[in-house]
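Here's the structure, in structure tokens; my notes come after.
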Amino acid sequence: MNDALATPAQPLQALPAPDDGWKMLLRKEVLRFWRVAFQTIAAPVLTAVLYLMIFGHVLEGRVQVYPGVSYVAFLAPGLVMMSVLQNAFANSASSLVQSKIMGNLVFQLLTPLSAWSWFVAYVGAAVARGLLVGLGVYLVTLLYAPPRAAAPLWVLAFALLGAGMMAVLGVLAGLWADKFDQMAMFQNFIVMPMTFLAGVFYSIHTLPGVWQGLSHLNPFFYMIDGFRHGFFGVSDVSPWLSLAVAGGSFALLSALTLHLLKTGYKLRN
């Protein structure tokens with residue numbers, strides 16, 4: 001018995017991170033917005049429908065962007081994509097900022113989840129919310145314009161890329177911001193202007209030359225234009241160019257976000 005007591009204690013070893021840890025965090029993030037769906041899904045759908053009713057009523061019959069396409073039909077895909085972009089961003093950004101303010105982010109930091117797990121969970125939940133809102137807006141727009149789908153694969157590709165890019169941008173904003181005022185500044189001075197100036201309500205061909213050139217520097221324009229191409233088969237620029245810009249923006253933002261998550265930027269220091 002004395003020999004057994006004299007045996008040195010084995011050092012504690014950290015348990016490996018669970019492979020499905022991201023699934024639990026993803027479920028938590030999805031439930032976070034689903035439990036208040038009236039605010040996070042129904043309210044944005046109503047806002048987009050009000051835009052459709054007001055602009056459609058005022059400009060229908062006065063503006064025709066594409067031959068054979070009414071203004072309401074032209075406007076609908078833009079509103080759908082705008083809703084996808086704004087709500088994907090809002091979900092991931094607000095979740096991180098809220099966790100910082102409430103102080104419960106520390107419990108996630110204690111878990112052995114990797115940066116990839118954080119990334120997949122926050123981006124995945126934001127994409128889900130963005131697509132749900134976009135689907136809701138699209139279903140309502142069917143009451144005002146006949147359904148069109150010239151190239152459904154383009155619609156799906158740009159919806160996923162757009163939601164993914166804005167979800168990643170939301171994570172970046174959430175990492176940087178320490179309070180809701182900073183997040184609101186990011187949304188009001190970057191996301192909102194770039195979205196409204198991306199051709200949601202008009203074609204950039206109707207703009208003066210200088211503003212057309214500036215519009216081509218806006219990555220949001222390519223996502224909305226490529227998404228609209230999937231409905232009508234026509235667009236202001238080539239859908240392949242739009243796909244390259246959207247895909248490249250998503251890749252660059254993802255690489256930066258993963259780097260910041262791995263270093264614990266504004267999370268551990």
Side-chain angles (χ1 to χ4, degrees), residues 48 65-67 69 73-92 116 119-120 122-135 137-138 141 145 147-173 190-207 211-259:
V65 182
Y66 301 143
V69 179
F74 168 84
L75 180 60
L79 289 176
V80 171
M81 194 58 170
M82 182 181 76
S83 301
V84 170
L85 300 180
Q86 291 182 348
N87 284 276
F89 171 85
N91 194 81
S92 52
W116 270 105
F119 180 85
V120 171
Y122 279 97
V123 172
V127 168
R129 175 180 166 183
L131 294 180
L132 280 174
V133 174
L135 179 61
V137 175
Y138 174 71
T141 60
R148 293 171 179 263
L153 290 180
W154 283 117
V155 173
L156 180 62
F158 281 103
L160 290 173
L161 268 178
M165 184 186 121
M166 294 306 294
V168 176
L169 189 62
V171 174
L172 281 175
I190 297 178
V191 175
M192 191 73 71
M194 291 181 70
T195 303
F196 276 89
L197 297 176
V200 174
F201 302 97
Y202 56 86
S203 169
I204 65 167
H205 288 162
T206 62
L207 299 175
W211 289 103
Q212 283 194 39
L214 291 175
S215 296
H216 282 89
L217 300 177
N218 183 359
F220 291 18
F221 157 71
Y222 294 96
M223 291 184 289
I224 292 176
D225 193 60
F227 185 75
R228 188 174 274 133
H229 175 85
F231 286 90
F232 306 119
V234 291
S235 53
D236 291 334
V237 298
S238 167
W240 292 104
L241 174 61
S242 297
L243 185 67
V245 173
S249 301
F250 174 73
L252 288 174
L253 288 173
S254 297
L256 175 60
T257 302
L258 280 168
H259 171 72

TODO: Over all heavy atoms of both residues, which pair between Ala126 and Ala167 is shortest? Give the atoms and the distance, please.
DONE: CB-CB, 3.4 Å
Task: Value rounded to 0.5 Å, distance of OG in Ser92 from CZ in Phe119 - done: 10.0 Å
Open item on the list: Ignoring hydrogens, what is the shortest heavy-atom contact between Ala163 and Leu85? Give both atom names and the distance.
Closed with: N-CD2, 4.4 Å
Open item on the list: Give me the atom names and distance for the closest heavy-atom approach of Ser83 to Val137.
Closed with: OG-CG2, 3.6 Å
- [ ] Can you see which heavy atom on Ala246 is nearest to which on Leu161, and at what distance?
- [x] CB-CD1, 4.0 Å
Open item on the list: Can a donor-acceptor pair be found, under 3.5 Å and without considering hydrogens, that links the side chain of Asn218 to the backbone of Met194?
Closed with: yes
Task: Interatomic distance, Thr141 atom OG1 to Leu75 atom CG [nearest 0.5 angstrom] - done: 9.5 Å
Open item on the list: I'd like to know if the side chain of Tyr122 reaches the main chain of Asn91, judged simply by a donor and an acceptor atom lying under 3.5 Å from each other, with no hydrogens or angles considered.
Closed with: no
TODO: Enter the distance from Met81:CE to Phe158:CZ here, rounded to the nearest 0.5 Å.
DONE: 8.0 Å
- [ ] Report yes if the side chains of Phe196 and Phe201 come closer than 4.5 Å at any heavy-atom pair, otherwise no.
- [x] yes
Task: Student check: side-chain heavy atoms of Gln86 and Phe89 closer than 4.5 Å - done: no
Open item on the list: Checking the side chain of Arg228 only, and the main-chain atoms of Val200 only, is there a donor and an acceptor separated by less than 3.5 Å?
Closed with: yes
TODO: Working to the nearest 0.5 Å, report the span between OG of Ser249 and CE of Met223.
DONE: 7.0 Å
Open item on the list: Would you compute the distance between atom CZ of Phe227 and atom CG of Leu156 and round it to the nearest 0.5 angstrom?
Closed with: 9.5 Å
Task: Test item: Trp154 and Leu243 side chains (from C-beta on) under 4.5 Å apart, heavy atoms - done: yes
TODO: Would you mind reporting whether Val123 and Val171 have side-chain heavy atoms less than 4.5 Å apart?
DONE: yes
TODO: Looking only at non-hydrogen atoms, find the nearest pair between Leu253 and Leu172 and report the distance.
DONE: CD2-CD1, 3.7 Å
Open item on the list: When you measure from the side chain of Asp225 to the backbone of Ser235, do you find a donor-acceptor pair of N or O atoms at a distance under 3.5 Å?
Closed with: no
Open item on the list: Quick one, Val80 and Leu135 - any side-chain contact, counting heavy atoms below 4.5 Å?
Closed with: no
- [ ] Identify the heavy atoms of Ala149 and Pro152 that sit nearest to each other, and give their distance.
- [x] O-CD, 3.8 Å
- [ ] Taking the side chain as every heavy atom from C-beta outward, state whether Val237 and His229 have any atom pair closer than 4.5 Å.
- [x] no
- [ ] Check whether any side-chain heavy atom of Met166 lies under 4.5 Å from a side-chain heavy atom of Asn87, and answer yes or no.
- [x] no
- [ ] Determine, using ring centers only, whether Phe74 and Tyr202 are less than 6.0 Å apart.
- [x] no
